[in-house]
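Working notes, structure below.
Computed over heavy atoms, backbone and side chain alike; hydrogens, waters and symmetry mates excluded. Residue indices begin at 1 and follow the sequence shown. As the structure lists them, so they are numbered: ligands from 1, and atoms in each ligand from 1.
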Amino acid sequence: MLEDVPSDAELELRTIRQAGIEFESRRAESRNEFLGLLAEFKPHVVLSDFSLPGFDGLSALKLVREKYPDLPFIFVSGTIGEERAIEALKHGATDYVLKGNLARLPSSVLRALREAEEYRQRRRQEEKLARLSRIHAVLSGINSAIVRIHDRRELFQEACSVAVEQGEFRMAWVGLAVPGAATLKPVAWYGHNDGYLDEVAAAMDGAAENRGISGQALRQRNVIVVNDIENDERVVFRKEALARGYRSLAALPLLVDDEVVAIFMIFSGETGVFDQEEMKLLSELAGDVSFALGYLAKEEKLNYLAYYDVLTGLTNRNLLQDHLKQAIAHANRLGRMVAVVVIDLDHFKLINDSLGHSAGDQLLKEVATRLLSCIRDGDTVARPGGDEFVMVLPDQVSEESVSPVIQRLLESVSRAIYIENQELNITCSVGVALYPQDGGNVEMLLSNADAAMYRAKDLGRSNFQFFAKEMNAKVSERLLLQANLRHAIERDELFLHYQPKIDLRSGRLIGAEALVRWRSRKMGLMSPGRFIPIAEESGLIVPVGEWVIRQVCAQNRAWQEQGLPPVCISVNLSAHQFRRKGLPQLIATALREARLDPGYLEMELTESMVMHNVEQAIMILGDLKAMGLELSIDDFGTGYSSLSYLKRLPVGRLKIDRSFVQDIASDPDDAAITQAVISLGHSLGLKVTAEGVETEEQLAFLKANACDEAQGFYFGKPMPAADFALLLDSLGSTRGRALDHHSWPA
Ligand code: C2E
Ligand code: MG
Ligand code: MG
């Protein structure tokens, strides 16, 4: 009440009270008193005289309208002319009541209060609508960002700036969940921040767990709303927040696959903005951002799979080509060279087959790590597949600048590797091609480096070769060979040689090993050493192997039908063949069709074929054994034999590898190994055959050590079927007589 006459004031108040309105009142007479009451007493309605000694009603009205636009202001005055009344209403007075007609005052006060309340509500409604439409703008802003942006940080940054710019929030930030640490790391922010995040981050860093609202949202995986920061105990950084004008806040967890990956924090400069409807929209927003994050995570993973080798984490074939292309472009600009280095592990297949895939994988990982340690920044190590690695070394000045890197990698790979408590010594063969002289594009460089690598292998492995033009001939030979081998069977180009096997005690011919040969119309006669590895690589070993089995069965049956003495013929199986389903059926069919007794057929397997998967091998061998076949382990001593398994294998024979037999007369080590294999074989109830017997000394040693059987040039080279038939025939006519080795053809 602004009134200088106390009795007037008393009269007005009584009038209102008599109308049944309960209230409290304060009276001011001066401008200062009036301002003080407005701030402290916070009235719901102002009653003001028009003219006072030191102040005037119109000025008071202006003051009120400036600061409290909805506060009802009623003039109560003795006289008021029409002109003044109009002016008062123009300045926003709610009503005027003449002191001579005070009876009107109570209803005027009541109406003013009601209208003020209605006005406040309407304004709240309007504000809310405006706010919601701002949030809608935020939502659509973020959704368009989601479509546009393919980077997580950028998406967070955009979410923050959209919230502040379009949502008219005071500040927004995103904290990334630190895995396993229950804390957040701010990664994006926008708006009025003024060091707030630094202070908060510093406080969070020290604490074992972040107790702020963002931390709570992270742990509870829930939206948290604080609509009045000033009066909410939960806000740990209240002082810091209020200092920046933050009055309310919302913490929105962003989830991917049910895990909180980040918290989106939004601050408003007003209290009470986060009501139900607003939160519905904000939750939708959080859901959209979460969706985008999940999508990005999948995309990242897909990208990763598309460009990286999952086992080693190295660049894969796709990315390798990219890098090489870039390196070439770079070299063109600077007039430099690029080295492409192909690295192939020697005998990796053997390790993989004998120790199993998991050991093989570990080995590849270890080699990847070692190769990475050999290179500089900007170089690439890729694993395009299998046991092959490729390095791209840009910025080379000469052939000489490449050599040290290659020396380093050869040395690094050849250091002992320990896997599953075994020491492995692996070497590699390396081929190098240089841009521009060895090839002008990615394909040429890779294929020429490959050719150089094959050359290194041919030269005895564990070395490196720079590409030379002649090498292409080698590679094309491999390809040519493979192409021709495809037609070898239908063109009837394969045939078999038979190498005699002798019983050492009696000296009798006891059978033969069938060895495949290929006379290619285009490429001439070829030994299995040349085409069997290529047949295995290309899978052609399957039809070739099947042909051999059928041919051996048919041939052996034919000899028996000719009346020759029945003998056992052995066939070499390859790893590929052995592991393929249906091998026993295939053999059974071949035997049935040839009407051959299974006891006259023997299968030769190598240790590595068996050790690859011992349980499976035991089963397959069991099946073959049950069919009545003879089984032997070929090339014994060259693989990674596990003697404990050997006991469980249903085989009847060990064939000592030629490499031991070769030097038994001169090398004590080989002699010792051969002796050991013979006695080991005997202790397991196996027969022992020596391969590659060429001299009388070797034969003497083997006989002296009770070796059971032998095979080798001393007794006979692998020979055509007709020649072996002659041999059998001569044996047939002297059946039972021990053969003197002098009677063997030279
Ligand atoms: P292998 O099974 O160890 O066969 C013995 C190899 O040693 C044969 O070579 C034979 O000619 C050679 N050899 C025999 N006695 C002597 C000797 O006194 N001195 C020397 N220096 N060598 C001797 P070949 O015929 O070139 O066969 C090589 C390898 O090819 C075989 O080794 C076998 O692993 C594989 N192979 C041969 N035929 C087949 C087949 O039909 N299928 C499969 N999967 N592999 C085959
Ligand atoms: Mg063999
Ligand atoms: Mg052998």
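Using a 4.0 Å cut-off to heavy atoms of Val548, the atoms of ligand 1 that qualify are 41 (O). Near Pro528, meaning under 4.0 Å from any of its heavy atoms, are these atoms of ligand 1: 24 (P), 25 (O), 26 (O), 27 (O), 28 (C), 30 (O), 36 (N), 37 (C). Atoms of ligand 1 lying under 4.0 Å from any heavy atom of Glu694, numbered from 1 in the order shown and given with element: 17 (C), 18 (O), 19 (N), 20 (C), 21 (N). Close approach of ligand 1 to Asp634 is summarised as follows: ligand atoms under 4.0 Å from at least one heavy atom of the residue are 1 (P), 2 (O), 3 (O). In summary, the atoms of ligand 1 found under 4.0 Å from a heavy atom of Arg517, numbered by their order in the structure, are 25 (O). Listed by atom number, the atoms of ligand 1 under 4.0 Å from Glu513 heavy atoms are 1 (P), 2 (O), 4 (O). Heavy-atom proximity to Ser574, at under 4.0 Å, picks out these atoms of ligand 1: 44 (N).
The N/O atoms of Gly712, backbone and side chain alike, include none that comes under 3.5 Å of an N/O atom in ligand 1. Between Gln711 and ligand 1, a contact under 3.5 Å exists for no N or O pair. Remark: ligand 1 and Gln577 share no N or O pair separated by less than 3.5 Å (distance only, no angle test). For Tyr714, no nitrogen or oxygen atom sits less than 3.5 Å from a nitrogen or oxygen atom of ligand 1, counting backbone and side chain alike. By the 3.5 Å distance cut-off applied to N or O atoms, Asn572 is counted among the residues near ligand 1. Not a single N or O atom of Pro718, backbone or side chain, sits closer than 3.5 Å to an N or O atom of ligand 1.
With a 4.0 Å cut-off on non-hydrogen atoms, Lys655 does not touch ligand 1 at all. Neither the backbone nor the side chain of Lys717 comes within contact range of ligand 1; no heavy atom lies under 4.0 Å. Of the heavy atoms in Asp635, only side-chain atoms (C-beta onward) come closer than 4.0 Å to ligand 1. Counting heavy atoms closer than 4.0 Å to ligand 1, residue Val516 contributes atoms from both its backbone and its side chain.
Contact annotation: His497 has no heavy atom less than 4.0 Å from any atom of ligand 1.
The residue from Glu604, Glu691, Glu709 that alone fulfils the salt bridge (Lys or Arg N to Asp or Glu O under 4.0 Å) condition with Lys501 is Glu604.
Checked for salt-bridge contact, Lys703 and Glu696 miss the test: no charged N lies under 4.0 Å from a carboxylate O. Look at Glu561 and Arg557 and you find a salt bridge, because one of the NZ, NE, NH1 or NH2 atoms lies within 4.0 Å of a carboxylate O, short of that distance. Electrostatic pairing of Asp309 and Arg383 counts as a salt bridge here, judged by a charged N lying under 4.0 Å from a carboxylate O.
When atom types are taken as modelled, the side chain of Asp387 and the backbone of Leu364 share no donor-acceptor pair closer than 3.5 angstrom. At least one donor-acceptor pair under 3.5 Å links the side chain of Gln698 to the backbone N or O of Glu694. Put simply, the side chain of Asn463 gets close to the backbone of Ala456: a donor and an acceptor are under 3.5 Å apart. A distance-only check finds no donor-acceptor pair linking the side chain of Gln675 to the backbone of Asn705 [under 3.5 Å].
No side-chain donor-acceptor contact under 3.5 Å links Asp635 and Thr606.
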For residues 583-602, run the donor-acceptor check on the side chains, cut-off 3.5 Å, and write out each pair with its distance to 0.1 Å, sequence neighbours left out.
{"from": "Thr589", "atom 1": "OG1", "to": "Gln585", "atom 2": "O", "distance (Å)": "2.8"}
{"from": "Glu593", "atom 1": "OE1", "to": "Arg550", "atom 2": "NH1", "distance (Å)": "2.9"}
{"from": "Asp597", "atom 1": "OD1", "to": "Gly599", "atom 2": "N", "distance (Å)": "2.9"}
{"from": "Glu602", "atom 1": "OE1", "to": "Arg653", "atom 2": "NH1", "distance (Å)": "2.8"}
{"from": "Glu602", "atom 1": "OE2", "to": "Ser632", "atom 2": "OG", "distance (Å)": "3.0"}
{"from": "Glu602", "atom 1": "OE2", "to": "Arg653", "atom 2": "NH1", "distance (Å)": "3.4"}

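With sequence neighbours left out, Asn316 forms a side chain to side chain donor-acceptor pair (under 3.5 Å) with no residue at all.
The Mg ion (ligand 2) lies closest to atom OE2 when only the N/O/S atoms of Glu513 are considered.
Checking Asp634 against the Mg ion (ligand 2), an N/O/S atom falls under the 2.8 Å cut-off.
A cation-pi arrangement is not found for Lys457 relative to Tyr454, the charged atom failing to lie both closer than 6.0 Å to the ring centre and inside a 45° cone about the ring normal.
Our summary of the site lists the angle at the Mg ion (ligand 2) between OE1 of Glu604 and OD1 of Asn572 as 90°, to the nearest 10 degrees.
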Query raised in the report: Does the side-chain contact (heavy atoms from CB on, under 4.5 Å) test come out yes or no for Ser403 and Phe466, once each step is laid out?
Result: CA-CA 10 Å; Ser403 298; Phe466 278 93; 4.0 Å; yes

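Considering only non-hydrogen atoms, atom 13 (N) of ligand 1 lies nearest to Phe713 out of Phe713, Phe715, Phe578, Trp547.
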